[in-house]
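In what follows, a structure is listed as structure tokens, so that the remarks can point back to it.
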Number of protein chains: 2
Amino acid sequence: MGVAVDLAIFTVQEARLELLLIRMKREPYTGQWALPGGRIRGDETVEQAATRELYEKAGLQQVYLEQLYTFSEPSRDPRARCISVAHMALIRGDAPLRTTDKYSGIGWFPVTRLPPLAFDHKAMADYAIKRLRAKLEWSDVARNLLDKTFTLGELQRLYEAILGKRLDARNFQRRAVAIGMVKDTGKMRTGQAYRPARLYRFA
Amino acid sequence: MGVAVDLAIFTVQEARLELLLIRMKREPYTGQWALPGGRIRGDETVEQAATRELYEKAGLQQVYLEQLYTFSEPSRDPRARCISVAHMALIRGDAPLRTTDKYSGIGWFPVTRLPPLAFDHKAMADYAIKRLRAKLEWSDVARNLLDKTFTLGELQRLYEAILGKRLDARNFQRRAVAIGMVKDTGKMRTGQAYRPARLYRFA
DNA sequence: GCAAAAGTGTTGTCGGTACACCCATGC
DNA sequence: GCATGGGTGTACCGACAACACTTTTGC
């Protein structure tokens, strides 16, 4: 029985949460968009396979990776029986993508406007978005989507993009500091309009 | 590559959270305790395989089942490469167990005193306990461990057994009703010492 | 009456929300 | 000066912990 990994790779760009999709070359989903992924090898864990796919197919390294759920409907892959372990990855908005000739296309899509997806990848994407949103509320996963230092305004816009709703800036800032998630670096963000903001880093 | 399911089957008996373990007949873990489980077949999902194992190996039916995590270390099974999807199951304390000649023994163990476990089953058991405790705090999974009706005292003792700590009865009762988790049935628990308690059911 | 469990009332604290207000900069 | 985002102060509300107290039964 085949075992594969599939990846929901997220980034935040221009205040939008986006998902990385590839366009398939091979039958039976030629031309369709799907999550990147592939078979696991005999000597690696599913996490290692996911890390490898991330590098081989998109040129990404050193990214946050988390196992999500195993999808195992016998009919999920029309070609052959193959279960797939879905993962979530988070990368900074400016990371450059490498393309591969394995796919006929690769691109970022806002999660609010995803095209139809191959296999059961719609369910995987939905699951990943749900998990990311939940995790944002009680953890500091957001650190994997931002630079080392950032302003509270930047952090807030990241949260708003992922959660898909507006937050109160005053309460957001106080809370971020109060729960010890971020620490003041003592530096300021200059060179922009309006009052300069303090730069923070994750604690 | 082999794909298996393993099951962390919980029950609460005499105010203790207990885990169902089987004793292995075959090499290389002959005589060792382990979580029940087995290979999945070509025409079933991992959840269906877990349900089937639950019935075949322990005679259990209609139980709460939840997929947890996929364990995939290449060396996790010394016999052959085989990944395993860990699941959690919850059953009522009085459920009768069927034995099978596939194992040389089967029994309940308090989670505080587990014997050494075969494969990576210790990690699976730890993961399952953690998940069960977390889920107890915000969901009504407890319903799968109790009868249709129960007193708030019984529900509290269940919570205390799983969480491994004492709770304030007065706050516990008020909260259970306030958040709408349980509803008063209007009936009372009679035939026991002391003041009779109201019987509740899950909402 | 007494022990034990069931159940109610009250109070304080803490986290979160709402929102008025001040600050510092570019233009 | 004024627009704009950065940042502080404060008041209110609901959840929850702590704990005093009453109720109802078996013995």
* Asked: Going through the distances and angles, do B:Lys130 and B:Asp126 end up as a salt bridge (Lys or Arg N to Asp or Glu O under 4.0 Å)?
  -> CA-CA 6 Å; B:Lys130 205 171 139 191; B:Asp126 288 346; over 6 Å; no
* Among A:Met124, A:Met24, A:Gln32, A:Glu73, the one residue meeting side-chain contact (heavy atoms from CB on, under 4.5 Å) with A:Phe119 ->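 The single option meeting the side-chain contact (heavy atoms from CB on, under 4.5 Å) with A:Phe119 is A:Met24.
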Could you tell me how far apart [X] ([atom1]) and [N] ([atom2]) are, to the nearest whole angstrom?
| X | N | atom1 | atom2 | answer |
| --- | --- | --- | --- | --- |
| A:Asp168 | D:dG7 | CG | C1' | 12 Å |
| B:Gln156 | C:dA6 | CD | P | 8 Å |
| B:Leu167 | C:dA5 | CG | C1' | 16 Å |
| A:Asn171 | D:dC12 | CG | P | 16 Å |
| B:Arg175 | D:dG14 | CZ | P | 17 Å |
| B:Gln173 | D:dC21 | CD | P | 19 Å |
| B:Arg166 | D:dA17 | CZ | P | 15 Å |
| B:Leu155 | C:dA6 | CG | C1' | 14 Å |

* **Lys NZ or Arg CZ of A:Arg166 over A:Phe172 ring: under 6.0 Å, within 45°** =>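 That pair does not qualify as a cation-pi contact.
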* Lys/Arg cation over aromatic A:Tyr55: A:Arg98, 6.0 Å, 45° cone ->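 Yes, a cation-pi geometry holds between A:Arg98 and A:Tyr55.
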* Thinking salt bridges, do A:Lys102 and A:Glu56 make one under a 4.0 Å N-O criterion? ->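 Salt bridge: no.
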* Give a yes or no on whether a donor-acceptor pair under 3.5 Å exists between the nucleobase atoms of D:dT10, that is its base, and the side chain of A:Arg174. =>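 Under the 3.5 Å cut-off, the side chain and the base do form a donor-acceptor pair.
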* To do: Could you pull out all residues at least two apart from B:Phe10 that satisfy ring pair (Phe, Tyr, Trp, His ring centres under 6.0 Å)?
  =>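 Per chain and number, B:Phe10 pairs via ring pair (Phe, Tyr, Trp, His ring centres under 6.0 Å) with no residue.
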* Structure fact -> In B/S/- notation (B base, S sugar-phosphate only, - none; protein heavy atoms under 4.0 Å), nucleotides 21-27 of chain C written 5' to 3' is B-BBBS-
